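Here is the naming used below: chain letters follow the sequence lines, and residue numbers restart at 1 for every chain. If you're wondering where the values come from, they're calculated on a predicted model, not measured in any experiment.
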Amino acid sequence: MQIDELKKELNKEQFEAVTTLEGPLLIIAGAGSGKTRVITYRIAHMLESGIPQSQILALTFTNKAAKEMEERVKALTGKKLQNLTVSTFHAFGVKILRQDINRLGWRENFSIYDDVDRNQLIKETGKELGFTADALDVFKIGNLFSNIKIGRWDWQSANDMYKPLYEGYQEGLKLFNAVDFDDLIGLPIKLFHEHPDVLEKYRNRYKYIMVDEFQDTSLQQYEFMHLLADKNVAVVGDDDQSIYSWRGANYENILQFEKDFPDVKEIRLEQNYRSTETILAAANGVISHNTNRKDKSLWSGNGSGKPIEIYMPENEAAEADFIVESIQGIAMNEKRKYDDFGVLIRANTLSRAIEEAFLQSNIPYTMSGGTSFFQRKEIKDIISYLRVIANHDDDINLLRIINTPRRGIGRKTIEQINEIANSQGCSLWTSITALLSAQESPLGEKTKQDLQDFVNLITTQRASLLGGKGLAKKVKAMVEEINYWDYLITEYQKNEKAARFKFLNIESLINSIETWENNPDNFDSGLYAYLNRITLLSRDDMEDANLKGKVNLMTIHASKGLEFPIVFIAGAEEGIIPHARCLEEDPNNIEEERRLFYVAITRAQDKLFISSCQKRRKMQNVVECVPSPFLDEIPANLVEYHQPETEVSCDRAIEILEMMKNKFTI
DNA sequence: TTTTCTATCAGCAAC
DNA sequence: TGATAGAAAA
């Protein structure tokens, strides 16, 4: 694309951002200001200015963003992008580790542990070290370890007691040839520090670096970027949309960036192309209550549009019905497709009632986020098989599958194996094979046979899965070999539907493997490559094709970077948003919760609905709810309030009547 | 010793 | 509602 063409398609600031290729660049991009557009045009412009693909590195947070970016650059330039690196931070870390992790004492076929695996390992280690059950809150400890690793927290006297556990956990990881998510950034940094030649290799290669969603980088990620970056580094972010502080996001990195790169050029994108003026004004009204922010004035030239509607349904079922009816009505009257709708919730648990309503009225939908596909037990089981097959020493995954489906290897046996493993300092797998080949073994004949069968199973599957093409077929054969279907049926005797559903999930897993290995852009369709990819995949992906024509139900966090013509924010109640637990931890978190609400509002293009239930089921009992205080921060003239029609208490009815009277007598 | 049954507990966001 | 830990049954 020629320069004057760029000039035509972009506004002044965007043009500036796209054409400034040399030197450090900080782009503050307000919500809906065409950020993705700027990044993709910038890459395209680089390529046309003769910068080789191999010198460009673009880092994002989600696979979805990476994929979208790559596709848009492809569409813009019409070029094949074999050497362009567009990747998530974590995936890029994996890439580095696969090359050189042996210098740190791991083998290249290392496993990547997700949170569930991590917590499992903490639990095992803690038990061995003699922690009592109530001192072993693995959720909290896992969080602690993560925060230590990413440099958000230091060891303090309050949690010093977990230090030995931390050491044990780290030893465990290394013994099992595994790394956790935080290591995917932390170990490359270590590698760079201890082996400057490795760092040099990457610094020589990547001359142009770009970081998307910069406000969500952690200290650790910042250090990683800083090590890699020479001078041509462009970061794009919006402090108002920083919503990942609990994962270590530190928007003060923006200030740090200005310090570390004093000759930085700063560009602000303040024109919003996404939303109506009403929606934008509501968002601005809310976010202006935050004290700790870079002041900016977003404006929109899209016309005022329709008012924001706030509903107060009786309970979560009524809320779900309201959403369903509104969607059906609008879809019909305005000829909207279902994928024009986004339904946003604060927490995954809130999805249930809405999903039920969608199912009942046959509205197609996708729920992304939360207990993602890959966290489901049945999927984890199958993946665990693959992981153990790829890496025998992966104890955590071995433990998951050694008796799933049941094959007579129970707690006692595992304890015995574990004892040997501990005394020898080896993995469970090594311990098992040692026990099997030992002349004298403490195991009974039957257990011995059961273990031998298991070892044989893994060995034959390994030979099959690691050789040649056709991964999907082989995985399918494996699932049949281990009789997983029978297992599901016996486990869920009372609930055949659940069993079927789980089996369908496995089938779609196999299908997704198949599409993956048949993808022509995929150079390596082996087992290792597949496992590498899959651990980093969380909510998005599977297939985009089946997102078409479906309502998008998701958490607000998951909606970052997306937009929908019509948006519903459900459960806008005190305690949900702002979330009670967040405020408990630290009252200052209110600002982050407000940003979250801001992100939710700014997803909407044309029309925004907000609902706040009067009552809601929480655990076993129904509790009264109060509307979110953030609702009052939306300027009143932008809002249309709708009171519920049914089942109003007497007092309430009088109150409402009064209000109506007042309205008409003004 | 392993499996099945029952009671109890806890539930925020994600790479 | 689901997952998990401990008790009873096979």
Atom-pair distance ([atom1] on [X]; [atom2] on [N]), nearest Å:
X	N	atom1	atom2	value
A/R400	C/dA3	CZ	P	12 Å
A/E355	C/dT1	CD	C1'	13 Å
A/E356	C/dT1	CD	C1'	11 Å
A/D115	B/dA13	CG	P	12 Å
A/R346	B/dA13	CZ	C1'	5 Å
A/R595	B/dA13	CZ	C1'	13 Å
A/F139	B/dA14	CZ	C1'	11 Å
A/D137	C/dA5	CG	P	13 Å

Does [X] reach a base, just sugar-phosphate, or nothing at all? Heavy atoms under 4.0 Å.
X	result
A/F61	sugar-phosphate
A/R352	sugar-phosphate
A/K377	nothing

Open item on the list: Using side-chain heavy atoms (C-beta onward) and a distance below 4.5 Å, is A/Q170 in contact with A/K149?
Closed with: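 In contact.
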Task: Pairs satisfying salt bridge (charged side-chain N to carboxylate O under 4.0 Å, His left out), at least one member in residues 237-246 of chain A, at least two apart - done: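 Of all non-adjacent pairs touching residues 237-246 of chain A, those that pass salt bridge (charged side-chain N to carboxylate O under 4.0 Å, His left out) are A/D238-A/K296, A/D239-A/K296, A/D240-A/R293, A/D240-A/K296.
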- [ ] Do nucleotides 1-6 of chain B as a string where each nucleotide becomes B, S or -: B if the base has a protein heavy atom under 4.0 Å, S if just the sugar-phosphate does, - if no protein is that close.
- [x] SSSB--
Open item on the list: Can you tell whether the side chains of A/K377 and A/D381 come within less than 4.0 Å, N to carboxylate O?
Closed with: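 So A/K377 pairs with A/D381 through a salt bridge.
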- [ ] Identify whether the distance between the nearest side-chain nitrogen and carboxylate oxygen of A/D212 and A/K35 falls below 4.0 Å.
- [x]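 Salt bridge flag = yes for A/K35 with A/D212.
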Task: Ring-base stacking, A/W246 with B/dA13 (5.5 Å, 30° cut-offs) - done: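 Yes; by the centre-distance and plane-angle rule, A/W246 counts as stacking on B/dA13.
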Open item on the list: Is the positively charged end of A/R247 above the ring of A/Y244, judged by distance under 6.0 angstrom from the centroid and angle within 45° of the axis?
Closed with: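 Judged by the rule, A/R247 and A/Y244 form a cation-pi pair.
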Open item on the list: A cation-pi test, strictly: NZ or CZ of A/K560 under 6.0 Å from the centre of the six-membered ring of A/F61 and no more than 45 degrees from its axis. Yes or no?
Closed with: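 Here A/K560 passes the 6.0 Å and 45° test against A/F61.
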Task: Result of checking A/L457, A/N483, A/D450 against A/R407 for side-chain contact (heavy atoms from CB on, under 4.5 Å) - done: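 It is A/L457, the one option of A/L457, A/N483, A/D450 that forms the side-chain contact (heavy atoms from CB on, under 4.5 Å) with A/R407.
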Open item on the list: Less than 4.0 angstrom between a side-chain N/O of A/N348 and OP1 or OP2 of B/dA14, yes or no?
Closed with: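 Answer yes for this pair, as a side-chain N or O of A/N348 is under 4.0 Å from OP1 or OP2.
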Task: Side-chain N or O of A/K123 closer than 4.0 Å to phosphate OP1/OP2 of C/dA5 - done: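 Yes, because at least one side-chain N or O of A/K123 sits under 4.0 Å from OP1 or OP2 of C/dA5.
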- [ ] Answer yes or no: side-chain N or O of A/R581 and base N or O of B/dC12 forming a donor-acceptor pair under 3.5 Å.
- [x]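 No pair found.
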